[in-house]
Amino acid sequence: MKYREFVYVGDAVSELNEQEHAAFLMNIQKSIVLSLEKSGMLTSSQRERCLIALEEQYSQNQKKRRRA
């Protein structure tokens, strides 16, 4: 695989924090897991376990935010 470097030249990028952008960050994590499976670095059962763990983590964070 050829190495490529990307440089962002637009406006300043706002900071993403987990509390405000939890769903967006979870979707990025899911994409990474699916990419790892596609490239052969994870099996389908490992992918399933990872996605279940991500969903559990997301739901726990949602419950904590509702209580606060």
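Hydrogens, waters and symmetry mates play no part in the numbers below; they use all other heavy atoms, side chains included.
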Under the rule for side-chain contact (heavy atoms from CB on, under 4.5 Å), what residues qualify as partners of Gln46, not counting sequence neighbours? Leu42, Thr43, Arg49

Through direct or indirect side-chain contacts below 4.5 angstrom among Ile, Leu, Val, Met, Phe, Trp and Tyr, which residues connect to Val9? Val7

I'd like a table of donor-acceptor pairs (distance under 3.5 Å, sequence neighbours excluded) in which one partner is a side-chain atom from residues 32-41, with atom names and distances.
{"from": "Glu37", "atom 1": "OE1", "to": "Arg47", "atom 2": "NE", "distance (Å)": "2.6"}
{"from": "Glu37", "atom 1": "OE2", "to": "Arg47", "atom 2": "NE", "distance (Å)": "3.1"}
{"from": "Ser39", "atom 1": "OG", "to": "Ser35", "atom 2": "O", "distance (Å)": "3.2"}
{"from": "Ser39", "atom 1": "OG", "to": "Leu36", "atom 2": "O", "distance (Å)": "3.1"}

Within residues 2-16 or reaching into it, pairs that qualify as salt bridge (Lys or Arg N to Asp or Glu O under 4.0 Å) - sequence neighbours excluded: none

Side-chain donor-acceptor pairs of residues 50-60 under 3.5 Å, sequence neighbours excluded:
{"from": "Glu55", "atom 1": "OE2", "to": "Lys30", "atom 2": "NZ", "distance (Å)": "2.6"}
{"from": "Ser59", "atom 1": "OG", "to": "Glu55", "atom 2": "O", "distance (Å)": "3.3"}
{"from": "Ser59", "atom 1": "OG", "to": "Glu56", "atom 2": "O", "distance (Å)": "2.9"}

Using the test side chain to side chain donor-acceptor pair (under 3.5 Å), find all partners of Asn61 that sit at least two apart in sequence or belong to another chain. Glu18

